[in-house]
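Start at 1 with the first residue, then count along the sequence. The figures that follow rest on heavy atoms only: side chains count, while hydrogens, waters and symmetry mates do not. Both counts, for ligands and for their atoms, begin at 1 and track the order of listing. None of these values were measured; they are calculated from a predicted model.
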Amino acid sequence: MRIRFASVIAYAFATLAATVLSGLAFAEEEQLQARSVTPLPKYQQECAACHIAYPPGTLPADSWRRILNNLDHHFGTNASLDAASVKQIESWLTAHAANAGRATSAPPEDRITRSTWFMAAHDEVPASTWRRPAVKSASNCAACHTRADQGNFDERYIRIPR
Ligand code: HEC
Ligand code: HEC
């Protein structure tokens, strides 16, 4: 009787832990993955020429808004677009922006790579790795995430270049 009771408790605990863990994994997935979001062709066309089209869930709406309204001074370059394109991209990005948990507050310089979630996800990447010639910059997601252009950051598709 005693043993059975203990195993029931253990089972209940394991189930609870599994539920909590899958809940967390789901929240993370939902937050960062673009796979479930219908892509906007205009965004792919205009914002994937110099780097990948960063998934909308990687920044809060405020950051996207500021970025779209300062394209002539875009991280040291000029990425200006016509007003209609800016408007279309801005509404799509802000509609699918990070809206819960860790990514809610705007990171410094509105950089994904300076967000709390980004630094936590990459805390095991040594500083020297970011500086490798084949990586160049943390913003260069596709250097390591081989399916970043498809919005897939799953661990299975990470290859760190030497
Ligand atoms: C002419 C080239 C060019 C175009 C076009 C361009 N960008 Fe960028 N973008 C850059 C450069 C350069 C950086 C800085 C990369 C670095 O620091 O290594 C950058 C950085 C970014 C970052 C910050 C990445 C980080 O470090 O976290 C975001 C977000 C971003 N761009 C969004 C956009 C959006 C949205 C568009 C389309 C409206 C766009 N970019 C179009 C050149 C471009
Ligand atoms: C130098 C290689 C490198 C670059 C560049 C890089 N990452 Fe990563 N990324 C990693 C590694 C390594 C991990 C940790 C995998 C693990 O052990 O969980 C990771 C983890 C992640 C995760 C969590 C994945 C998961 O399943 O838990 C996300 C999301 C992510 N990166 C997004 C990005 C984005 C967005 C960019 C570009 C702005 C980027 N990464 C740039 C190497 C890189």
Side-chain angles (χ1 to χ4, degrees), residues 21-37 39-98 100-162:
L21 284 176
S22 66
L24 285 177
F26 179 75
E28 175 143 315
E29 179 106 337
E30 194 181 43
Q31 180 98 311
L32 306 173
Q33 304 291 8
R35 267 175 288 183
S36 55
V37 177
L40 178 75
K42 191 79 172 179
Y43 180 55
Q44 297 293 329
Q45 211 175 297
E46 305 293 356
C47 302
C50 308
H51 45 67
I52 62 150
Y54 298 118
T58 54
L59 281 177
D62 277 355
S63 293
W64 287 126
R65 236 172 255 125
R66 261 192 303 272
I67 287 173
L68 269 297
N69 288 295
N70 283 298
L71 287 175
D72 52 339
H73 295 105
H74 184 74
F75 302 95
T77 185
N78 186 340
S80 308
L81 286 176
D82 61 285
S85 302
V86 169
K87 209 169 166 204
Q88 197 189 350
I89 294 169
E90 183 179 331
S91 14
W92 183 80
L93 283 173
T94 53
H96 300 291
R102 297 174 297 175
T104 321
S105 58
E109 298 173 32
D110 297 313
R111 273 187 188 266
I112 299 161
T113 50
R114 294 193 62 189
S115 330
T116 313
W117 75 260
F118 184 93
M119 295 193 284
H122 297 90
D123 64 351
E124 283 172 20
V125 179
S128 58
T129 303
W130 301 116
R131 293 192 297 265
R132 285 182 193 167
V135 178
K136 285 192 214 86
S137 155
S139 318
N140 190 10
C141 319
C144 308
H145 295 276
T146 59
R147 300 198 179 180
D149 59 341
Q150 297 156 46
N152 187 341
F153 293 88
D154 196 286
E155 273 180 58
R156 275 173 294 176
Y157 307 115
I158 298 176
R159 301 277 177 283
I160 298 184
R162 312 215 153 255

Within-4.5 Å side-chain heavy-atom neighbours: T94 and L68: no

Is there an N/O/S atom in C144 at a distance below 2.8 Å from atom 8 (Fe) of ligand 2? no

Please confirm whether A143 approaches ligand 2 to less than 4.0 Å, judged on its heavy atoms. no

Below 3.5 angstrom, do we get any N/O pair linking E46 and ligand 1? no

Between S137 and N140, is there a side-chain donor-acceptor contact under 3.5 Å, judged purely by atom types and distance? no

Would you say the side-chain atoms of N70 pair up with the backbone N or O of H73, donor to acceptor, closer than 3.5 Å? no

With a 4.5 Å heavy-atom cut-off, do S85 and Q88 have their side chains touching? no

Report, in ascending order of atom number, the atoms of ligand 2 lying under 4.0 Å from any heavy atom of N140. 5 (C)

For NE2 in H145 and NE2 in H122, the angle at atom 8 (Fe) of ligand 2 (nearest 10°) is 180°

Contact atoms of ligand 1, heavy-atom distance to W64 under 4.0 Å: 29 (C), 35 (C)

List every atom of ligand 2 that sits less than 4.0 Å from any heavy atom of A138, numbering the atoms from 1 in the order shown and giving each element. 5 (C), 37 (C), 38 (C), 41 (C)

Between ligand 1 and Y43, is the shortest N or O to N or O distance under 3.5 Å? no

Below 30° counts as parallel, above 60° as perpendicular, anything between as tilted: where do the rings of Y43 and W64 land? perpendicular

Please confirm whether S137 comes within less than 3.5 Å of ligand 1 when only nitrogen or oxygen atoms on both sides are compared. yes

What residue and heavy atom of the protein are closest to atom 17 (O) of ligand 1, and at what distance? R111 NH1, 2.9 Å

Go through ligand 2 atom by atom and flag the ones less than 4.0 Å from a non-hydrogen atom of I160. 12 (C)

Kindly indicate, with the supporting measurements, whether the criterion side-chain contact (heavy atoms from CB on, under 4.5 Å) is fulfilled by I112 and W117. CA-CA 9 Å; I112 299 161; W117 75 260; 3.7 Å; yes

N or O pair under 3.5 Å between W117 and ligand 2: no

Which label fits F118 and W130: parallel for a plane angle under 30°, tilted from 30 to 60°, or perpendicular past 60°? tilted

Have a look around atom 8 (Fe) of ligand 1 and list protein N/O/S atoms under 2.8 Å, or say none. H51 NE2, H74 NE2

Shortest heavy-atom approach to atom 26 (O) of ligand 1 - which of S63, S139, C141: S139

Per-atom filter on ligand 1: closer than 4.0 angstrom to a heavy atom of L71 are 38 (C)

Would you kindly specify which portion of L59 sits under 4.0 Å from ligand 1, judged on non-hydrogen atoms: side chain, backbone, both or neither? side chain

